[in-house]
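Structure first, commentary second.
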Amino acid sequence: MKTDFRDMWRQLNHYQQEAVLDENPACVVNANVGSGKTTVLIAKVLWLHMEKQIPFEDMAVLTFTNKAADEIIARLKKSCEGEIAPEQVHGFGTFHSVALRLLKDRLSVETAGWTKEFTVMDPDEETDLALELITSRGLKVKYKNRLKKRLEQEYGAYESGKAESRYKDDLFALYPLLLKEKKRQNKMAFSDLLRVSTELLSPGGGSADAEAENGVWRPAWVIVDEVQDSDALQMEFLAALLGQTGKGEEHKEHEEHRGKLFAVGDPNQVIYSWRGTGDNMFFLLKHRFGARELTLPVNYRSGASILEAANRFLQFGTGIQGDRENRGTITVKNHYDPFQEAEYLAERIRGMHESGTAYRDIAVFYRLQRQSELLAKVFERHGIPYELSVKETLKDIPVLDWLVKVLRFSVNSMDEQTGIAVLADPLYGEKCTKKKAGQIVREDRRETSELYRRMKEFPCGVFSGKEEEFPSAQALFDWFGLREALHPTSAEYRRDAQTALAFLEEVCAYCGQILEEGPGKRYMDCMREFINSSALYGMKIDAGEKNAADKNAVDGGETGEAPDSVKLMTLHASKGLEFDTVFIIGVNPGLIPLRCTGFEQEEEERRLFFVGMTRAKNELELSWYTNPGEPGVAGEYSRYLKMIPEHLISGETGTGGSSEKGYGLQQMRRQIQENRKKKEQPEEKKVRVRHRKYGEGVLVSDDGTTVEAEFPGYGKKQFLKAFGEVEIK
DNA sequence: ATTCGAACCATTTTT
DNA sequence: TGGTTCGAAT
């Protein structure tokens, strides 16, 4: 264990070492891009643990994403020979997951109006609930289609006591109603997790009794990753964890009891301010906690030319120092249009692969999600393996989306909204209207719906005997009568049942593990924990289930751990990653930078481009179109290209100019547009479909989730669109 | 119900 | 700049 830490220590540069050793009450590390930010964070945790004898239990290590949290724990485990028990790292995770754990284990949620059995809402659920309240209470709220955004954005104004909402409607009257309803149904939205835990952590927030009884958790150290991405709510949570109310100065006397803050971030990589406050949280935090600022100036990732170019886009700090001998190359290319570019990229990447570069070392970044469509099509035709960074969630698979709701209601019968959604589901529910479903749930009419009865009696029905093992997946499957609910006669029954069963296996495995680690927990609590954490985990499907769900996935990629494929993603999605070779496409005015309204926005576009450039280790190729073919995008050099000194650019050629090549694009675009039309309103005329088993057929109906088609010799069959079983032509 | 002008917004996405 | 949505007016 110790040798590992010494090894790690020796590999740190003196800036990094200083950061690790810092013991100020608050320290914020300005970690330049590629400067070993996470390494420092891990070293800090290990140093505190091993040299300062601070147990992991007394630390909060907070991240913005699950991915980052997973990475930290994984690297920590690797550095510690002894296994780290899950209960030791209860303070490690995303802001939301740590808040959830606190609310469940350490804080008296009862004071705030919930019970310990509360569940976590799905993000869309809150909007749905709000819409229902608007209707049932006859509120007048404008821009309902943007309600989600409005609820988030205008909360600050509401909280600070503003009299009227932005559009002078009843939005502000909706907030208290919504909160009351969430308490009544015993569930919290994501933001509630932070808001309520912050409230209960603050002195005077929770009742004095409860605090004395439980003892509010005061971590000795609070360590934060990517602080620049945190928002106002997360900042308050931090302050509360540290025991700072932010108001009076009375906390001075408790100084030695207060936790210390160590935060790591990069103000130059703020690319998500459009969803937060807009202020640069890095400096806000430094100011608020009076933190000492340290800098990590050495970049270990990119070649010198790439760094020098990137430095032109740096907004804060004095410049990044390079470490690598290698200069790296920057190339600027001009292509006639996106189609020509895609063709060129496919050829170029094939060539690179033939001369020994792995596909996985190559990435293509673009500004807008829709730019990926053409690339994917062309790459497919050329047989270039690629991976789009689009996350698939449980919600994308209708059976699982529904099944999760079944479980969620079973585990929290106060959650009327979910109960109703389950029963009124057009696919798997009780073939009843929302109204009828509402009646069943509200009047507890178990005799009317067997499914409702099963969900309602789930706690005592399945978990009756305490000595029993956790029920098997099959037992759960049977209990809810899924055999019937999933339509055994439908074509997709086998797949649906398989998917559902696989998911239930997952549930059982998780619960079994929890029980093993901490006996004495009740089955229901384990189950609730699973449901809650899956809500927070973005409902991501892990490999096993995903394979079960779509066996005939688009490309026949190998089932290896990391498939060797080119990564296609937006500039935003590229943050935190690195590749040997990076292509940034569409560096045209109107795209990079995107047409922006203010100075602030323009700065963010610049940071975004900076983030993209600095992903490249050795080769960076930037390209622009002569004919972008999009309204608002000019067929010129982006000014970002002009910002790169010419001597750093090693080649400037391309396929631009020749106009006859435009034909391909026209064709491709037309094709894409036609496909879109078919997806949206396919019942125009006779649309032909193809199925692996049933062959050619004719489309009968398509409601967005289910496709019904008629096949000669087989009759009408239904399919779930999400599985892509049928190919609509 | 339908039509009109005015206001607003577009893209990026995690929990 | 063009597409959507709101509210007022037919």
Side-chain angles (χ1 to χ4, degrees), chain A residues 62-70 93-101 103 120-127 140-154 165-171 188-197 225-226 228-234 237 269-276 278 281 365-372 389-391 393-395 532-540 569-576 584 586 588-598 600-609 611-612 630-634:
Chain A
L62 303 169
T63 62
F64 198 61
T65 65
N66 286 302
K67 199 178 155 207
D70 290 346
T94 61
F95 279 84
H96 291 85
S97 68
V98 171
L100 173 64
R101 242 167 271 151
L103 289 167
V120 179
M121 294 170 84
D122 178 88
D124 295 328
E125 213 178 310
E126 192 179 27
T127 322
K140 145 183 142 233
V141 174
K142 292 179 191 172
Y143 296 108
K144 289 207 203 59
N145 54 333
R146 280 172 286 202
L147 187 60
K148 195 178 174 176
K149 227 177 193 175
R150 285 200 62 196
L151 279 170
E152 244 170 66
Q153 286 180 349
E154 294 180 56
S165 68
R166 199 179 148 190
Y167 301 103
K168 295 187 170 45
D169 58 7
D170 296 338
L171 189 74
M188 286 195 200
F190 286 172
S191 61
D192 297 322
L193 295 172
L194 292 180
R195 209 170 283 130
V196 176
S197 56
D225 189 25
E226 305 268 25
Q228 80 282 354
D229 280 336
S230 54
D231 58 26
L233 219 49
Q234 287 160 332
F237 180 72
Q269 290 188 70
V270 176
I271 56 172
Y272 287 117
S273 67
W274 45 270
R275 65 177 177 209
M281 282 292 161
F365 303 156
Y366 34 84
R367 181 60 182 83
L368 302 177
Q369 207 69 258
R370 61 166 180 261
Q371 292 174 266
S372 66
S389 73
V390 271
K391 73 262 142 175
T393 68
L394 288 188
K395 283 178 86 75
N532 283 340
S533 66
S534 82
L536 274 183
Y537 209 81
M539 297 281 209
K540 275 197 201 77
M569 65 187 86
T570 61
L571 284 166
H572 283 90
S574 76
K575 196 177 150 210
I584 302 180
N588 285 59
L591 215 44
I592 300 177
L594 203 65
R595 209 181 79 81
C596 37
T597 44
E600 298 253 299
Q601 237 176 2
E602 135 76 11
E603 280 195 316
E604 182 138 321
E605 289 293 311
R606 230 163 77 198
R607 290 192 293 265
L608 188 59
F609 189 61
V611 166
E630 288 229 30
V633 182

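Naming: A, B, ... by sequence-line order, numbering from 1 per chain. Keep in mind the model is a prediction, meaning the values are calculated, not measured.
- Atom OH of A/Tyr537 is separated from atom P of B/dT15 by 8 Å (rounded to the nearest Å).
- Note: A/Tyr272 and A/His572 have tilted aromatic rings, judged against thresholds of 30 and 60 degrees for the angle between ring planes.
- Between A/Leu193 atom CG and B/dT14 atom C1' there is a gap of 14 Å when expressed in whole angstrom units.
- For the pair A/Arg166 and B/dC9, the criterion of a side-chain N or O lying under 4.0 Å from OP1 or OP2 is met.
- A/Ile271 has its CD1 atom 11 Å from the P atom of B/dT14, to the nearest Å.
- In the set B/dT15, B/dT14, B/dT12, the nucleotide with an atom closest to the side chain of A/Phe64 is B/dT14.
- Rounded to whole Å, the distance from CG on A/Asn532 to C1' on B/dT15 is 13 Å.
- Considering only side-chain atoms of A/Arg146, the nucleotide from B/dT15, B/dC8, B/dT12 that sits closest is B/dC8.
- For the OP1/OP2 pair of C/dT4 and a distance below 4.0 Å, the side-chain nitrogens and oxygens of A/Asn145 include no atom meeting the criterion.
- Side-chain contact annotation: A/Tyr537 with A/Asp70, donor-acceptor N/O pair under 3.5 Å present.
- Taking atom CZ of A/Arg370 as the reference point, atom P of B/dA10 lies 13 Å away to the nearest angstrom.
- When heavy atoms are screened at a 4.0 angstrom cut-off, A/Arg595 is found touching base atoms of the nucleic acid.
- The side chain of A/Gln234 places no N or O atom within less than 4.0 Å of a non-bridging phosphate oxygen (OP1 or OP2) of B/dT15.
- Listed pair A/Ser191 / B/dT15 fails the phosphate criterion, with no side-chain N or O lying under 4.0 Å from OP1 or OP2.
- Atom CG in A/Leu368 sits about 14 Å away from atom C1' in B/dT13, given to the nearest Å.
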*Decide yes or no on side-chain contact (heavy atoms from CB on, under 4.5 Å) for A/Lys575 and A/Leu608, but give the supporting numbers first.*
CA-CA 9 Å; A/Lys575 196 177 150 210; A/Leu608 188 59; over 6 Å; no

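- Looking at which nucleotide of DNA chain B each of A/Tyr143 and A/Glu604 is closest to, the 5′-most match is held by A/Tyr143.
- With contacts defined as side-chain heavy-atom distances shorter than 4.5 Å, the pair A/Glu604/A/Gln601 does not qualify.
- In this structure, the side chain of A/Gln371 engages the main chain of A/Leu368 through a donor-acceptor pair within 3.5 Å.
- Between A/Lys149 and B/dA10 there is a side-chain polar atom (N or O) within less than 4.0 angstrom of OP1 or OP2.
- Across all strands shown, A/Phe95 has no heavy atoms under 4.0 Å from either base or sugar-phosphate atoms.
- Here the P atom of nucleotide B/dT15 and the CG atom of A/Leu394 are 14 Å apart, to the nearest Å.
- Between the P atom of B/dT14 and the NZ atom of A/Lys575 lies a distance of 11 Å, rounded to the nearest Å.
- Residue contacts for A/Glu605: at a heavy-atom cut-off of 4.0 Å it reaches no nucleic acid atom on any strand shown.
- At least one side-chain nitrogen or oxygen of A/Tyr167 sits closer than 4.0 Å to the OP1 or OP2 atom of B/dC9.
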